[in-house]
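We name chains A, B, ... by the order of the sequence lines, and we start the count at 1 in each one. Remember, predicted model here, so these are calculated numbers, not experimental data.
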There are 2 protein chains.
Amino acid sequence: MDQLEIFKALSNKTRLQILNWLKDPDLNFPDQKEHANFDHGVCVGQIQIKAGLTQSTVSEYLSTLQRAGLVKSTRVGQWTYYQRNEEAFEALSKLIQTDI
Amino acid sequence: MDQLEIFKALSNKTRLQILNWLKDPDLNFPDQKEHANFDHGVCVGQIQIKAGLTQSTVSEYLSTLQRAGLVKSTRVGQWTYYQRNEEAFEALSKLIQTDI
DNA sequence: AAGGTATATCGGAAAATCCCGATATGCCAA
DNA sequence: TTGGCATATCGGGATTTTCCGATATACCTT
């Protein structure tokens, strides 16, 4: 758990929004719901549309969140699905009570 | 509580160290102990020495932490004492469990 | 009032981050 | 195997952050 890397990852409005959207894929990504379930999370393209930024930027942001451990990804065919890593948030919450 | 401002304030190694040092002034600022108590926290000069950065930088960092609500300051004569705002950390810990 | 000390603010060079378009990679279907 | 689609990576201009030295402000002492 690299504190600094985590806080840097959280220091961006869009990345915070993405994490928030991933809390409720059903609500925030209705389009994906028609084609696939959310067992592995939400695919990059859906997140990109919602974010309104370019594909490259969103892909990079998701990598940043993953390097920080805040999300995990699953590749299925040509899609990469991202979902929150809830254990990381619990750990971060506790870390703030003890280490920071 | 501005999430983004808080995470930006925490996205710097020195600022994280300062917050950590302020958890135990007795241990981390023995020099101040000889001249003043820690009722209002630690003065900028002591923090500056420990950080090994210039006075202006440390002053700026403390302002950043204060704007984020993570520390509070008290002016006494020519000294400004800074101390942690523990309520903010508790709130942040809970915010991560609910809002992020 | 004058000089000394502690802190805050200003201006700026260097480094990091943001976000883009272009391109590369990997997978799938025909 | 060729073309199309999803995602990742690359190169770079614009903006922000980092950290400095110089200067301003505020207070205290004499």
Side-chain angles (χ1 to χ4, degrees), chain A residues 2-19 22 25 29 31-32 34-38 40-68 70-83, chain B residues 2 4-19 22 29 31-32 34-38 40-68 70-83:
Chain A
D2 184 338
Q3 294 177 17
L4 195 54
E5 192 171 26
I6 290 173
F7 291 131
K8 283 184 179 177
L10 294 173
S11 293
N12 175 280
K13 194 174 176 181
T14 302
R15 288 194 295 266
L16 284 176
Q17 285 179 318
I18 291 172
L19 290 172
L22 290 179
F29 303 96
D31 288 0
Q32 176 170 328
E34 298 171 16
H35 306 294
N37 61 37
F38 294 116
H40 300 293
V42 181
C43 71
V44 180
Q46 292 296 318
I47 299 171
Q48 189 226 318
I49 292 167
K50 183 105 178 163
L53 296 173
T54 62
Q55 188 271 322
S56 61
T57 297
V58 173
S59 175
E60 183 57 44
Y61 281 5
L62 290 167
S63 291
T64 298
L65 291 171
Q66 183 163 35
R67 274 195 304 275
L70 299 171
V71 300
K72 33 191 183 180
S73 70
T74 312
R75 182 99 196 198
V76 178
Q78 32 193 343
W79 289 273
T80 308
Y81 296 94
Y82 282 91
Q83 60 188 317
Chain B
D2 183 338
L4 195 54
E5 192 171 25
I6 291 173
F7 291 131
K8 282 184 179 176
L10 294 173
S11 293
N12 175 282
K13 193 175 179 181
T14 302
R15 288 195 295 266
L16 284 176
Q17 285 179 317
I18 291 172
L19 290 173
L22 291 179
F29 303 96
D31 288 359
Q32 175 170 328
E34 297 171 16
H35 307 294
N37 62 37
F38 295 116
H40 299 292
V42 182
C43 72
V44 180
Q46 292 297 316
I47 299 171
Q48 189 226 318
I49 293 166
K50 183 105 178 164
L53 296 173
T54 62
Q55 187 272 322
S56 61
T57 297
V58 173
S59 175
E60 183 57 44
Y61 281 4
L62 290 167
S63 292
T64 298
L65 291 172
Q66 184 164 34
R67 274 195 304 276
L70 298 170
V71 300
K72 33 191 182 180
S73 70
T74 311
R75 182 98 197 195
V76 178
Q78 32 193 344
W79 290 273
T80 307
Y81 295 94
Y82 283 91
Q83 60 189 318

Requested in this report: Only pairs at least two apart or in different chains count here, so list each salt bridge (charged side-chain N to carboxylate O under 4.0 Å, His left out) that has a residue in residues 51-61 of chain A.
Outcome: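 Sorted pair list: Glu60(A)-Arg67(A).
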Of all residues at least two apart in sequence or in a different chain, which pass the side chain to side chain donor-acceptor pair (under 3.5 Å) check with [X]?
| X | value |
| --- | --- |
| Gln66(B) | Ser73(B) |
| Asn37(B) | Asp39(B) |
| Gln55(B) | none |

Where along [range] does a heavy atom fall under 4.0 Å from DNA chain C?
| range | result |
| --- | --- |
| residues 45-54 of chain A | Leu53(A), Thr54(A) |
| residues 56-63 of chain A | Ser56(A), Thr57(A), Tyr61(A) |
| residues 7-15 of chain A | Lys8(A), Ser11(A), Asn12(A), Arg15(A) |

Side-chain donor/acceptor pairs under 3.5 Å, residues 74-83 of chain A, sequence neighbours excluded:
| residue | atom | partner | partner atom | Å |
| --- | --- | --- | --- | --- |
| Arg75(A) | NE | Gly77(A) | O | 3.2 |

Query raised in the report: If you walk 5' to 3' along DNA chain C, what is the first nucleotide with an atom under 4.0 Å of a heavy atom in chain A, and what is the last?
Result: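 The contact span of chain A on DNA chain C goes from dT17(C) to dC28(C).
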Query raised in the report: Angle, rounded to 10°, between the helical axes spanning five pairs at each terminus of the helix from dA1(C)-dT30(D) to dA30(C)-dT1(D)?
Result: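 Overall, the helix from dA1(C)-dT30(D) to dA30(C)-dT1(D) bends by 20° from one end axis to the other.
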Report task. Sort and list the pairs that fulfil side-chain hydrogen bond (donor to acceptor under 3.5 Å, both in side chains) and have at least one residue in residues 44-53 of chain A, not counting sequence neighbours. Result ->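 Residue pairs with at least one partner in residues 44-53 of chain A: there are none.
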Query raised in the report: Who pairs with Thr57(A) by side-chain contact (heavy atoms from CB on, under 4.5 Å), at least two apart in sequence or on another chain?
Result: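 With sequence neighbours excluded, Thr57(A) shows a side-chain contact (heavy atoms from CB on, under 4.5 Å) to Leu53(A), Thr54(A), Tyr61(A), given in chain and number order.
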Query raised in the report: From Thr14(A) OG1 over to Ile47(A) CD1, what is the distance, rounded to the nearest 0.5 angstrom?
Result: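 That separation rounds to 12.0 Å.
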Report task. Just call it for Tyr81(B): base, sugar-phosphate, or nothing, with non-hydrogen atoms closer than 4.0 Å on any strand. Result ->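 Answer is nothing: Tyr81(B) stays at 4.0 Å or more from every strand.
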